[in-house]
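Just so you know, these numbers come straight off a predicted model, no measurement behind them. Numbered from 1 within each chain, the chains take letters A, B, ... in sequence-line order.
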Amino acid sequence: MPNTFAEQISTKLNETLLSLPFASDLPEGFVAQVDQAQNRQFGDYQSNAAMILAKQLKKNPREIASTIADAFDGGALTDKPEIAGPGFINFRLKPEALSTRLDLLIEDEKLAVSAAGEKKTIVADFSAPNVAKPMHVGHIRSTIIGDSLCRIARFLGHDVIADNHIGDWGTQFGMILWGWKNVLNEEALEEDPIGELVRVYKLVNGRQKEEEGLRDECKQELVKLQAGDEENLAIWKKCIELSKQGLQKIYGLLDIEFDYWLGESFYNDALAPLVEELMKEGIAEESDGAICVFFPENEKMADKPALIRKSDGGFLYATSDLATIDYRINELKADAIWYVVGAPQQLHFDQIFAIAGKRGQNANFEFIPFGSILDKNGKMLKTRDGDPVQLADVLNESIERAYKVVDEKNPDFPEEEKKQIAEVIGIGAVKYAELSQFRMTDYKFDWDTMLALKGNTAPYLINAYVRTRAIFRKMGDDFQPGGNLVLTEDAEKDLALKLAQFAETVPAVLNDFRPNTLAAYLYELATTYHRFWEACPVLRAEGDVRYTRLALCELTGRVLRCGLGLLGIRTTEKM
RNA sequence: GCGCCCGUAGCUCAGCUGGAUAGAGCAACGGACUUCUAAUCCGUAGGUCCCGUGUUCGAAUCACGGCGGGCGUGCCA
């Protein structure tokens with residue numbers, strides 16, 4: 001796939017620099033950057049190379065800029081560059097360059113997005129809910145961000161393995177087992193398995209805080225489970241089965257799939273040998289009865305050891321995370337492992353990655369943290385106590401609100417269609433609300449913010465897509481390539497440029513794992529299209545103009561569908 | 001104590017590797033539907049980018065120091 005406009009201009013610019021009298025004075029390895037223009041009044045692309053070079057060459061930046069601009073041959077790509085401000089070099093694309101690009105996009109399923117240079121096997125660890133506890137809004141971030149990053153990485157040609165590392169082992173099972181045996185309501189379990197498990201968990205969790213005896217009994221149940229007691233093992237398996245069914249329902253609604261569900265319990269047998277090994281290698285040592293790894297070489301963690309075995313012999317989540325890394329590197333052949341996990345776990349992952357380093361495991365580990373969702377009082381939502389809003393309720397409420405709007409605007413649509421549209425829009429709205437903001441930003445949970453349907457939201461983008469489809473529906477035919485493109489109106493050129501820049505946007509998302517940059521691009525594309533829509537009639541136009549506008553509609557539709565797809569958001573033909 | 005993150009319009013937030021007059025949405029106000037979906041578009045108004053110092057031709061962005069908030073920090077995950 002040919003390079004993006006930014007790359008093409010950059011190549012020409014650097015060639016130009018080497019042809020100039022001061023070429024030999026350029027700093028070693030200097031490469032001129034070309035960026036999208038901040039403001040369209042200055043052109044389409046800009047470079048600040050002259051200002052950077054001014055210091056090195058001890059010359060006036062505007063003088064250097066004009067030397068460069070004079071020597072720059074834009075060919076079929078750009079007009080003669082202009083100098084502005086303190087020494088910016090501004091480039092404006094020729095309409096022919098835009099048309100050529102559009103012709104290429106029409107032919108290319110991937111819409112000119114190049115595959116990543118080096119294909120990697122990436123294991124993505126996200127969502128990871130706990131068994132027998134409901135998914136609440138706190139899980140939404142990991143789940144939606146992780147899924148989107150997977151889709152983008154796959155689109156760029158990587159092998160991506162989505163692994164749902166569910167919490168299916170641990171202290172909560174002591175309480176659940178005791179509850180199952182003592183306070184379980186069989187009928188309720190039939191009717192609403194998850195609901196009943198949650199009720200039992202909460203009930204026992206609440207009581208054991210007060211009653212010391214109960215706390216011990218729960219602990220006994222846990223010990224029996226870990227020792228392989230048949231009855232407890234059977235109950236445990238049943239709980240996981242029921243929980244998975246409930247989780248699948250939500251993932252189905254969210255249109256999210258995992259390649260593996262390798263929960264914590266999968267690694268149980270690996271934990272004891274792993275600790276042994278770490279001791280033998282001198283990486284771990286005994287301290288106050290527990291087995292720890294110390295990091296004296298790292299200033300920040302020098303006083304923060306990682307515990308991998310408790311003094312009572314039990315293992316911790318650091319231990320199972322280490323065993324998980326072994327499996328992912330050795331069995332799944334991971335080159336990279338991505339953890340989409342809340343920011344509070346920064347230290348934990350610093351430690352885990354440091355231990356992996358000590359063991360010589362040099363996969364590319366990425367901790368991809370996100371900020372907290374706060375309650376009305378600005379406090380973090382906690383799973384343990386209180387009643388955080390359940391994810392399923394958020395999704396259902398969102399679909400319901402979307403349905404009301406569909407029903408109001410299109411009362412004549414068949415019931416089934418209205419429901420489908422409401423689902424696409426409702427789920428899309430929740431996902432877009434999450435993905436359109438920077439992942440580290442904390443936010444207060446608010447129904448109206450999360451489920452908004454106006455402004456910079458999923459329905460706005462989907463509406464732009466629907467409009468592209470409405471044209472072809474009205475025309476009664478699909479887009480037929482092969483015509484002659486002529487871009488004359490500003491609205492057409494603006495749109496063409498935006499479409500071309502999809503290829504500059506998608507790969508950049510993975511630089512810092514920011515799906516919100518893609519969301520922002522799609523919003524701008526939709527806005528640009530809506531403006532084009534107001535300014536340029538399509539079906540009333542004729543000849544090349546009509547063909548050009550049809551092509552712009554077709555491509556806008558494809559980029560929106562593809563881009564929204566990368567965010568995990570579906571589209572609909574009507575709304 | 002130490003570490004990490006955050007502080008931008010009335011509200012919710014963009015603004016990655018430093019670039020030109022700091023941008024959106026919501027809310028407010030004023031316009032545009034005999035037209036391919038008005039879930040749209042156009043316009044008005046709204047700012048000590050927490051404070052200070054430094055680096056730089058240039059700082060919301062980088063460094064250092066404060067202030068405010070959140071989270072984490074040896075036997076939960």
Modelled atom types, side-chain donor and acceptor of A/Asn456 and A/Tyr432, under 3.5 Å: yes

> Between A/Glu542 and A/Tyr547, is any side-chain donor less than 3.5 angstrom from a side-chain acceptor?
Replying inline: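 Note: A/Glu542 and A/Tyr547 side chains miss the donor-acceptor criterion.
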
Base of B/U21 paired with side chain of A/Gln41 (donor-acceptor, under 3.5 Å)
yes

**Prompt:** Side chain of A/Thr457, base of B/G25: donor and acceptor closer than 3.5 Å?
**Reply:** no

For [X] and [Y], take the angle between the two ring planes, folded into 0 to 90°, and tell me which bin it lands in: parallel under 30, tilted 30 to 60, perpendicular over 60.
X	Y	answer
A/Phe367	A/Phe349	parallel
A/Trp236	A/Phe173	perpendicular
A/Tyr339	A/Phe353	tilted
A/His348	A/Tyr317	parallel

Just checking [X]: base, sugar-phosphate only, or nothing, at a heavy-atom cut-off of under 4.0 Å?
X	value
A/Leu510	nothing
A/Asn90	base
A/Pro61	nothing
A/Ala306	nothing
A/Tyr465	nothing
A/Ser311	base
A/Phe88	base

Check your understanding: For the residue pair A/Cys292 and A/Ser287, what are the closest heavy atoms and their distance?
Key ->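 What the structure gives for the nearest pair is SG-CB, 4.1 Å.
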
>> Whether A/Lys454 engages the ring of A/Tyr460 as a cation-pi pair (distance to the six-membered ring centre under 6.0 angstrom, angle to the ring normal within 45°) should be assessed.
In response: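 No cation-pi geometry.
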
Exercise. Determine, stepwise, if the pair A/Arg561 / A/Glu573 fulfils salt bridge (charged side-chain N to carboxylate O under 4.0 Å, His left out).
Key: CA-CA 11 Å; A/Arg561 189 175 57 214; A/Glu573 296 296 300; 5.1 Å; no

[atom1]-based separation of [M] from [N] [nearest Å]:
N	M	atom1	result
B/C76	B/A39	C1'	46 Å
B/C29	B/C67	C1'	38 Å
B/G30	B/G68	P	44 Å
B/G47	B/U21	C1'	13 Å
B/G72	B/G66	C1'	22 Å
B/C5	B/C11	P	26 Å
B/C2	B/G65	P	11 Å
B/C50	B/A60	C1'	12 Å

At less than 4.0 Å, is any side-chain N or O atom of [X] found next to OP1 or OP2 of [N]? Yes or no.
X	N	answer
A/Trp533	B/U35	no
A/Asn48	B/C57	no
A/Lys474	B/C36	yes
A/Lys454	B/A39	no
A/Arg467	B/A39	no
A/Arg531	B/C42	yes

Euclidean distance, atom [atom1] of residue [X] to atom [atom2] of [N] [Å, nearest integer]:
X	N	atom1	atom2	value
A/His136	B/A77	NE2	C1'	12 Å
A/Met51	B/A59	CE	C1'	14 Å
A/Leu451	B/C26	CG	P	16 Å
A/Arg469	B/A39	CZ	C1'	19 Å
A/Phe42	B/U21	CZ	C1'	8 Å
A/Gln345	B/C71	CD	P	15 Å
A/Leu453	B/U37	CG	P	21 Å
A/Tyr45	B/G19	OH	C1'	18 Å

The complete set of salt bridge (charged side-chain N to carboxylate O under 4.0 Å, His left out) pairs with one or both residues in residues 519-541 of chain A, sequence neighbours excluded, reads A/Lys498-A/Glu524

Of the nucleotides [options], which has the atom closest to the [X] side chain?
X	options	answer
A/Gln46	B/G19, B/A20, B/A39	B/A20
A/Tyr317	B/U73, B/A77, B/C13	B/A77
A/Glu264	B/G74, B/G72, B/A77	B/A77
A/Val406	B/A39, B/U37, B/G74	B/A39
A/Asn456	B/G25, B/C41, B/G74	B/G25
A/Asp35	B/C41, B/U37, B/U17	B/U17
A/Gln437	B/U40, B/G74, B/A14	B/A14
A/Leu316	B/G19, B/C75, B/U37	B/C75

Can you tell me the Watson-Crick or wobble partner of [N], both distances under 3.5 angstrom?
N	result
B/C64	B/G52
B/G25	B/C11
B/C4	B/G70
B/C16	none
B/U40	B/A32

Side chain to side chain donor-acceptor pair (under 3.5 Å) evaluation trace for A/Glu366 with A/Trp338: CA-CA 5 Å; A/Glu366 296 282 359; A/Trp338 294 354; 5.4 Å; no

If the condition is salt bridge (Lys or Arg N to Asp or Glu O under 4.0 Å), which residues does A/Arg40 pass it with, not counting sequence neighbours?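 Per chain and number, A/Arg40 pairs via salt bridge (Lys or Arg N to Asp or Glu O under 4.0 Å) with A/Asp44, A/Asp494.
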
Closest-nucleotide 5' rank along RNA chain B - winner of A/Asn463 and A/Ala290: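 Its nearest nucleotide being more 5', the pick is A/Asn463.
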
Its contact letters, B for base, S for sugar-phosphate only and - for none at protein heavy atoms under 4.0 Å, make nucleotides 3-9 of chain B read SSS----

*Kindly state whether the pair A/Tyr523 / B/A24 counts as stacked, where counting means centroids closer than 5.5 Å and planes tilted less than 30° apart.*
no

